[in-house]
Amino acid sequence: MFKVNNLWLYLVFTIFILPAYRYREVTIRAINYDEINDSKIIAFLSVAKTLNMSVSADELSITQPAVSKRISKLEKNYGLILFQRKGNGLKLTPAGRVFYEELSGSFNNIETAFSKAYTVQNGIVQNLTIGYDGFFDLPLLYELAEQFRQTHHGVDIDIRYSSNEAVTNCLKGKLIF
């Protein structure tokens, strides 16, 4: 019975699955970074969020045909189908959903980078040193520090392990880390 099952799986694999996999054509277009345009990406992010080109056009202060043209060019240039269009409605395709999720994270990183650069340029960087004596949940401390860092871009946080006495002396101004 074991050999028959293995033979059956082998036949199914070699007759149906392997040929379909071998002859499947997948074209991956090389990305030409000179073609990437902020306006296309911003239009896509807006439409993907609202699923409405007219609402996105209002948000971006451009016309609806301009938004539609930007989305069409983005899809055409990279061979992606980002939206399913049905009448007046839009729906993200699976590729569109992944593209949106990845771009959203990247766009947030870009905004953070600009914010931090402006902060540093304007000389608003401050240092915060936190003394840790071992009685606090360290992962929670790092999580809290990261939350603080996200809302206070001009602060550089340094967490240092030290004895309870050294932390107390530092707070009293007797010792600096």
Side-chain angles (χ1 to χ4, degrees), residues 2 4-122 124-125 139-140 142-157:
F2 181 73
V4 173
N5 284 338
N6 283 342
L7 178 62
W8 181 81
L9 287 172
Y10 173 77
L11 289 174
V12 168
F13 181 77
T14 55
I15 294 171
F16 298 107
I17 298 172
L18 191 58
Y21 182 76
R22 279 188 188 152
Y23 299 110
R24 168 179 86 155
E25 288 188 29
V26 176
T27 304
I28 299 175
R29 186 176 184 277
I31 295 174
N32 181 352
Y33 291 100
D34 292 334
E35 292 178 2
I36 295 177
N37 184 321
D38 290 348
S39 64
K40 291 177 193 170
I41 300 295
I42 291 169
F44 168 75
L45 288 170
S46 179
V47 173
K49 184 175 71 175
T50 64
L51 296 176
N52 187 311
M53 292 215 190
S54 297
V55 171
S56 292
D58 289 341
E59 285 181 1
L60 299 172
S61 300
I62 58 176
T63 64
Q64 185 274 331
V67 171
S68 182
K69 187 174 182 179
R70 289 176 186 181
I71 298 297
S72 294
K73 282 185 177 183
L74 184 66
E75 289 178 320
K76 183 180 176 188
N77 286 351
Y78 296 101
L80 294 170
I81 300 170
L82 301 171
F83 295 98
Q84 290 177 348
R85 293 158 176 89
K86 292 185 179 180
N88 289 339
L90 289 175
K91 181 179 177 186
L92 282 169
T93 63
R97 191 173 310 106
V98 168
F99 196 58
Y100 175 70
E101 290 168 1
E102 293 297 322
L103 280 176
S104 293
S106 298
F107 203 72
N108 289 338
N109 289 341
I110 290 169
E111 287 178 339
T112 300
F114 274 109
S115 176
K116 287 181 178 182
Y118 287 129
T119 301
V120 169
Q121 179 176 304
N122 294 322
I124 307 174
V125 176
L140 178 60
Y142 280 113
E143 183 181 327
L144 292 171
E146 184 57 33
Q147 288 175 5
F148 186 86
R149 211 178 267 129
Q150 289 175 358
T151 57
H152 300 85
H153 297 296
V155 178
D156 183 33
I157 301 174

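Please read these numbers as outputs of a predicted model, since none were measured by experiment.
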**Message:** Could you check whether atom CD1 of Ile81 has more than 12 heavy atoms from other residues, nucleotides or ligands sitting under 6.0 Å from it?
**Reply:** no
**Item:** Greater than 12 external heavy atoms within 6.0 Å of Gln147's CD
**Value:** yes
What distance do [X] atom [atom1] and [Y] atom [atom2] have between them, rounded to the nearest 0.5 Å?
{"X": "Leu45", "Y": "Phe99", "atom1": "CG", "atom2": "CZ", "answer": "8.0 Å"}
{"X": "Ile41", "Y": "Ile110", "atom1": "CD1", "atom2": "CD1", "answer": "9.0 Å"}
{"X": "Ile62", "Y": "Met53", "atom1": "CD1", "atom2": "CE", "answer": "10.5 Å"}

**Prompt:** Where the side chain of Ser46 meets the backbone of Ile42, is there a donor-acceptor pair that is under 3.5 Å apart?
**Reply:** no
**Message:** Given 3.5 Å as the limit, does a donor-acceptor pair link the side chain of Thr50 with the main chain of Val55, or not?
**Reply:** no
**Request:** Could you please spell out the steps behind the side-chain contact (heavy atoms from CB on, under 4.5 Å) verdict for Leu92 and Leu51?
**Result:** CA-CA 8 Å; Leu92 282 169; Leu51 296 176; 4.2 Å; yes
**Prompt:** Are any non-hydrogen side-chain atoms of Arg97 and Pro94 less than 4.5 angstrom apart?
**Reply:** yes
**Message:** Taking the six-membered ring for Trp, are Phe44 and Phe83 closer than 6.0 Å centroid to centroid?
**Reply:** yes
**Prompt:** Only one of Lys69, Lys76, Arg70 clears side-chain contact (heavy atoms from CB on, under 4.5 Å) with Lys73; which?
**Reply:** Lys69
**Asked** Which atom names give the shortest non-hydrogen contact between Leu74 and Lys40, and what distance separates them?
**Response** CD2-O, 4.1 Å
**Request:** With side-chain contact (heavy atoms from CB on, under 4.5 Å) as the test, would you mind laying out the steps for Leu90 and Arg85 before giving the verdict?
**Result:** CA-CA 5 Å; Leu90 289 175; Arg85 293 158 176 89; 3.4 Å; yes
